[in-house]
Chemist: 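Provided herewith is a single structure, encoded as structure tokens, for subsequent inquiry.
Numbers restart at 1 for each chain; the letters A, B, ... are given by sequence-line order, proteins then strands.
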There are 2 protein chains.
Amino acid sequence: MTLTQLRYLIAIADSGLNITAAAERVHATQPGLSKQLKQLEDELGFQLFSRRGKSLQAITPAGQQVLERARVIVTEAGNIRALAAELRGEEAGELVIATTHTQARFVLPPAIGALKRRYPDVNVHLQPHGDALVLDMFERGRADLAIVSTSGEPPAGGLAVPLFHWRRAVLVPRDHALARAARWPSLAELARYPLLSYESVLRPESSLRRAFAAAGEAPRFAFTSRDADLIKTYVRAGLGVGILAEMAVLAEDAEDLHLLDAADLLPPCTSWLVLRRDRVPRGYVLALAELIAPQLDRRDLRRALAGEEPARWPAPPSWRELAARARSVRAA
Amino acid sequence: MTLTQLRYLIAIADSGLNITAAAERVHATQPGLSKQLKQLEDELGFQLFSRRGKSLQAITPAGQQVLERARVIVTEAGNIRALAAELRGEEAGELVIATTHTQARFVLPPAIGALKRRYPDVNVHLQPHGDALVLDMFERGRADLAIVSTSGEPPAGGLAVPLFHWRRAVLVPRDHALARAARWPSLAELARYPLLSYESVLRPESSLRRAFAAAGEAPRFAFTSRDADLIKTYVRAGLGVGILAEMAVLAEDAEDLHLLDAADLLPPCTSWLVLRRDRVPRGYVLALAELIAPQLDRRDLRRALAGEEPARWPAPPSWRELAARARSVRAA
DNA sequence: CGCGTTTACGTCGTTCGTAACGATA
DNA sequence: TATCGTTACGAACGACGTAAACGCG
């Protein structure tokens with residue numbers, strides 16, 4: 001049994017039992033993986049995968065057990081390497097971020113920009129996905145960190161650190177009836193219009209859906225997307241009333257869109273940074289956290305990951321504060 | 001980085017930084033370890049050990065971090081091998097038991113005898129130690145299981161399973177004043193005599209010491225040992241009153257010793273089996289548990305180790321019941 | 001016939017043990 | 001001088017990639 005064999009095993013399992021694809025992933029040749037897998041199975045004395053003909057069919061129950069432990073081993077080996085890289089002062093590496101489109105498009109750009117200036121040799125890989133998939137990818141170990149939002153409890157699956165609070169924004173075309181109204185609309189009034197919002201409202205436990213339900217309303221979501229830009233585009237096209245994160249509203253949107261403050265209508269949300277408890281983070285991972293949310297300190301993050309602390313986090317600022325602070329920095 | 005290098009690293013750390021001794025332990029040559037250590041340090045880019053001249057002086061802080069992760073890796077690799085051995089139906093292996101002298105001498109023999117009949121190819125290594133050292137050895141990973149006693153909470157450091165309850169026995173020579181008394185002595189009466197007991201009573205938190213203290217007595221422990229046989233020998237020699245575990249009292253002791261029932265005087269104790277949560281146990285480890293305490297079932301133990309259960313254990317019998325049951329089995 | 005896996009083979013790198021050397025107390 | 005670690009060297013092994021063969025849809 002070697003670390004290489006276990007790495008190959010994981011790659012095969014994570015590539016849908018396709019050895020050729022797995023070989024690609026680990027930068028090796030397919031016969032190499034085939035052989036190593038065979039050797040591992042010979043050493044252990046049982047099949048890790050069931051086969052149909054020559055193709056791998058499924059992981060055997062025993063193989064599943066081995067796979068789980070192999071993941072621990074390979075993760076810890078990676079931790080040792082990360083530890084060493086940090087100690088050497090290495091500033092190159094990969095940073096895989098699993099997050100939603102809104103964060104990737106409207107929140108992260110300045111932070112990632114600053115990060116790349118500080119760590120030019122870090123390659124950043126953004127994986128925008130739907131809410132559910134983000135945490136899924138993260139839990140499968142495909143990402144170093146996840147950035148997700150909830151309107152309540154912190155997300156499970158790792159160490160969750162609050163980055164900032166935000167509110168929803170309601171967007172309508174400038175000539176929309178709601179834009180001319182004298183006062184902010186109620187939920188009931190909003191619910192009369194076709195709504196445009198994120199894909200995640202399709203889930204029954206969506207906080208937006210629940211807010212309407214609590215007011216006895218059952219709005220029609222006429223258009224959903226993961227992509228806030230698309231939602232804005234279709235609001236412009238007159239499809240209805242857009243409900244999206246305030247971060248997605250830019251100054252230039254005011255030219256043809258009217259922003260209704262939904263602060264009191266809809267529950268506030270928190271954006272969370274989620275780190276894997278089983279991984280030693282590289283310095284630039286924590287640097288990114290600090291860059292997004294200045295109230296965070298990487299030493300606290302390291303302590304929390306080591307499990308040494310009850311993990312009390314500084315109160316997160318609102319997005320409005322963060323944006324104002326960023327503007328004043330740019331002005332200076 | 002290879003599994004071998006990490007195994008060598010652990011061996012060196014566990015051999016007091018003596019590479020020659022470590023080489024012995026892993027059945028390799030000393031230059032082999034030296035070289036692998038050097039290669040690992042070269043790959044990681046920093047020293048795992050600080051050196052004075054050529055000798056290893058201490059583990060560096062970074063080395064400590066690496067060492068901890070290396071232990072996880074090597075443990076999990078061992079788990080995979082154990083898993084495979086079980087699946088193959090392998091019935092050979094090593095069984096290292098950390099326990100006290102009393103358990104090793106008076107409780108385990110029948111169980112280990114039966115185990116060896118069932119698993120002739122399992123080599124059993126008994127490590128009798130003082131109470132504190134037992135758990136220490138166990139936590140350092142030198143033993144597959146520990147068997148210890150407490151008179152209250154289960155021991156920490158692993159998955160603790162209650163085996164049986166037992167009481168203390170008070171032994172005096174047949175011609176001792178207490179042997180002729182009409183009734184059982186009180187703690188105050190006992191405390192008038194020099195006492196002979198286990199080494200563990202020297203610790204201030206000892207349950208025996210606390211029992212006397214609660215009665216306002218401060219007895220003199222004139223003789224202590226880890227070895228119940230020795231205590232009995234010195235009781236015979238007239239040094240005083242022996243207080244030991246009832247398991248240590250044999251039928252033939254009645255010839256020249258008088259047994260006082262201390263059931264109501266001194267608090268009861270529980271013997272616990274302790275398993276490491278990070279290790280997949282071989283079948284014979286669980287078989288031993290079943291052989292000592294028939295109320296246990298290895299499937300429950302496996303489930304509890306997998307963390308799937310709130311770990312409620314069947315009520316442990318008393319040692320008296322266990323011994324009676326064993327006698328009736330022998331008679332049949 | 002394409003896709004994916006296995007088998008065969010040659011090369012290269014690595015590990016390991018023996019033996020000699022060096023440093024330290 | 002004894003103990004312990006390093007260096008040197010040769011043999012054996014193992015990993016890896018290329019190329020070809022095999023099975024299957």
Side-chain angles (χ1 to χ4, degrees), chain A residues 1-60 63 66-67 70 73-74 77 80-81 84, chain B residues 1-60 63 66-67 70 73-74 77 80-81 84:
Chain A
M1 183 178 358
T2 67
L3 286 177
T4 308
Q5 287 170 348
L6 299 179
R7 224 179 72 239
Y8 287 0
L9 168 65
I10 292 170
I12 293 172
D14 287 350
S15 305
L17 312 192
N18 180 325
I19 299 186
T20 306
E24 181 83 8
R25 180 184 296 211
V26 297
H27 307 110
T29 62
Q30 178 273 321
L33 268 75
S34 274
K35 188 155 198 184
Q36 292 300 315
L37 174 60
K38 193 185 199 2
Q39 283 196 9
L40 181 58
E41 288 183 324
D42 285 351
E43 178 180 343
L44 296 181
F46 58 91
Q47 301 269 104
L48 294 166
F49 298 97
S50 63
R51 284 147 165 98
R52 190 174 53 183
K54 294 190 165 184
S55 292
L56 305 187
Q57 181 70 4
I59 308 190
T60 60
V66 174
L67 180 63
I73 292 175
V74 171
I80 291 178
R81 273 185 268 265
Chain B
M1 184 177 1
T2 67
L3 287 176
T4 308
Q5 287 169 348
L6 299 178
R7 223 179 73 236
Y8 288 179
L9 168 65
I10 293 170
I12 293 172
D14 287 350
S15 305
L17 312 192
N18 180 324
I19 299 185
T20 306
E24 180 84 10
R25 180 183 298 211
V26 298
H27 308 108
T29 61
Q30 178 273 322
L33 269 75
S34 274
K35 190 155 198 187
Q36 291 300 315
L37 175 60
K38 191 184 198 7
Q39 283 195 7
L40 181 57
E41 287 182 325
D42 286 350
E43 178 180 342
L44 296 181
F46 57 89
Q47 301 270 105
L48 294 166
F49 298 97
S50 62
R51 276 129 167 119
R52 190 174 53 183
K54 294 191 164 184
S55 292
L56 306 187
Q57 182 70 7
I59 308 190
T60 60
V66 174
L67 180 62
I73 292 175
V74 171
I80 291 178
R81 272 185 269 265

Chemist: To the side chain of B:T20, which of C:dG17, D:dC4, D:dT6 is closest?
Modeler: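 Output: D:dC4.
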Chemist: Any side-chain heavy atom of B:L40 sitting closer than 4.5 Å to one from B:T2?
Modeler: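 B:L40 vs B:T2: side chains apart.
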Chemist: From the options C:dT5, D:dG17, C:dG17, select the nucleotide whose nearest atom is closest to the side chain of B:A28.
Modeler: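 The answer is C:dG17, which lies nearest to the side chain.
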Chemist: Can you tell me the distance, in whole Å, between the NZ atom of A:K38 and the P atom of D:dG14?
Modeler: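 Nearest whole value for this atom pair: 16 Å.
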Chemist: Picking from D:dA15, D:dC4, C:dT15, which would you name as closest to the side chain of B:N18?
Modeler: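 Nucleotide nearest to B:N18's side chain: D:dC4.
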Chemist: Supply the atom-to-atom distance A:Q36 CD to A:L6 CG, rounded to the nearest 0.5 angstrom.
Modeler: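 Rounded to the nearest 0.5 Å, the CD-CG separation comes out at 10.5 Å.
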Chemist: In terms of side-chain geometry, is the basic nitrogen of B:K38 or B:E43 positioned less than 4.0 Å from the acidic oxygen of its partner?
Modeler: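 Salt bridge: no.
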Chemist: Let me know the distance between OH of A:Y8 and P of C:dT5, rounded to the nearest Å.
Modeler: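 Answer to the nearest Å: 15 Å.
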Chemist: Without decimals, in angstroms, what is the distance between B:K35 NZ and D:dC9 P?
Modeler: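 Rounded to whole Å, this separation is 11 Å.
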Chemist: Rounded to the nearest Å, what distance is computed from the CG atom of residue B:L33 to the P atom of nucleotide C:dG17?
Modeler: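 In whole Å, C:dG17 P lies 9 Å from B:L33 CG.
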Chemist: Counting heavy atoms from C-beta on, name the nucleotide in D:dG5, C:dT5, D:dA19 closest to the side chain of B:I19.
Modeler: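 Selected nucleotide: D:dG5.
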Chemist: Side-chain donor-acceptor pair under 3.5 Å between A:S34 and A:Q30, yes or no?
Modeler: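 Yes, side-chain donor-acceptor contact under 3.5 Å.
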